[in-house]
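Proteins get letters first, then strands, A, B, ... in listed order; numbering begins at 1 in each.
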There are 2 protein chains.
Amino acid sequence: MDKSDFDLRDFMPYLLNMAAEEASLEFQQYYKGRYGMLRTEWRVLFHLGRYGEMTAKTICDRARIHKTKVSRAVSALEQKRFLSRKEVEEDRRHELLRLTNNGVSAYNDISAKAKEFDEKLVRPFSVEEQSILRQCLIKLANL
Amino acid sequence: MDKSDFDLRDFMPYLLNMAAEEASLEFQQYYKGRYGMLRTEWRVLFHLGRYGEMTAKTICDRARIHKTKVSRAVSALEQKRFLSRKEVEEDRRHELLRLTNNGVSAYNDISAKAKEFDEKLVRPFSVEEQSILRQCLIKLANL
DNA sequence: CGTTGTTAGTTACAAAACCAACCATTATTT
DNA sequence: AAATAATGGTTGGTTTTGTAACTAACAACG
């Protein structure tokens, strides 16, 4: 097997990582600079803003984030007054998380920017390319 | 602007990150488990194995890795006897890095696995899809 | 009941990434 | 040639992440 024709540009994991990094950078700077949020915090915020109140465990499962990361993100978001916790009567192990008004407006702002940003990212591609790209990524990500 | 139709699955940076994570996982376990390497170390090893001896700075530029990360990866690879350094006479700020025999055989092994692994990853896609996917990623990554 | 097992969530400690300041060496300016 | 800047590379301290062990609450089984 000849390796001299095997370049990093041919290696999917590398390409995906580089593209992901590049694509995330600018957007990341937005929510970090404006709200001091980390990526996990933004994802948690997004889930609550987009799908309504839910428990931390549900976020873990849906977003495939480890529970310790979610736990810390929730604490951080709580401290920044973006969400509040409510114990569930029937099962006191659960805590329902919901966004505060503050959280909602941050969500609205950031997700609008996200949409904008997404459009900008895929603008160079044809509609067909966009569709194929998304489908491939969804399959690769096991979504 | 309505956000209720904007899902994470529609957001490129998210998709890219999830796909990248998923795609990297298995391969990462290979070189980590077998050689105790970190990702940056594998990338440095790859550059030296694929393109021959070069300086740390060159690796930084070509692989877009910050110099502190490269510096530490080089130290680690040196300790594991995968590479050696050679001072450059004309400019003693530079150090040429080259793989040891040990390093070369690790490179051969891992890059063969990488090729294999890449093929497995894209197998579910048609040739045309593969080509579009790669081109889009290369463009997104600014490569 | 009471023991054992699960589940949701937190905490503590180690590994890794990030950022800034730092040498040492070479270039440039005056 | 002295002073200043720029370059290649390293080091130290802080943040983030990862991993494992830990509570607390509930479930299931004898």
Fill in: Pairing of A:R64 and B:E21 as salt bridge, 4.0 angstrom limit
no
Worksheet entry | Salt bridge A:D109-A:K113, side-chain N to carboxylate O under 4.0 Å | no
Give the nucleotide from the list [options] with an atom nearest to the side chain of [X].
| X | options | answer |
| --- | --- | --- |
| A:L38 | C:dT10, C:dA8, D:dT17 | D:dT17 |
| A:K57 | D:dA25, C:dG9, D:dT10 | C:dG9 |
| B:K69 | D:dT10, D:dG9, C:dC18 | C:dC18 |
| A:R92 | D:dT16, D:dC26, C:dG9 | D:dC26 |

Practice prompt. Using only heavy-atom distances, decide whether a donor-acceptor pair under 3.5 angstrom links the side-chain of B:R93 to the base of D:dT7.
Written response: yes
Worksheet item: D:dG12 base to B:R72 side chain: any donor-acceptor pair below 3.5 Å?
Response: yes
Output the rounded distance in Å from [atom1] ([X]) to [atom2] ([N]).
| X | N | atom1 | atom2 | value |
| --- | --- | --- | --- | --- |
| A:E41 | D:dT17 | CD | C1' | 13 Å |
| B:E21 | D:dG18 | CD | P | 8 Å |
| A:H66 | D:dT19 | NE2 | C1' | 7 Å |
| B:I65 | C:dC18 | CD1 | P | 11 Å |
| A:K67 | C:dT11 | NZ | C1' | 12 Å |
| A:E87 | C:dT10 | CD | P | 11 Å |
| A:D91 | D:dC26 | CG | C1' | 6 Å |
| B:Q29 | D:dG18 | CD | P | 13 Å |

Item to complete: Give me the ring orientation class for B:W42 and B:F27: parallel if the planes are under 30° apart, tilted from 30 to 60°, perpendicular past 60°.
Response: perpendicular
Fill in: More than 12 heavy atoms of other groups within 6.0 Å of B:R134 CZ
yes
Worksheet item: In terms of heavy-atom contacts, does CG of A:N142 have more than 12 from other residues, nucleotides or ligands at under 6.0 Å?
Response: yes
Item to complete: Check whether any side-chain N or O of A:S71 sits under 4.0 Å from OP1 or OP2 of C:dG9, and answer yes or no.
Response: no
Just checking [X]: base, sugar-phosphate only, or nothing, at a heavy-atom cut-off of under 4.0 Å?
| X | result |
| --- | --- |
| B:T55 | sugar-phosphate |
| A:E90 | sugar-phosphate |
| B:R39 | nothing |

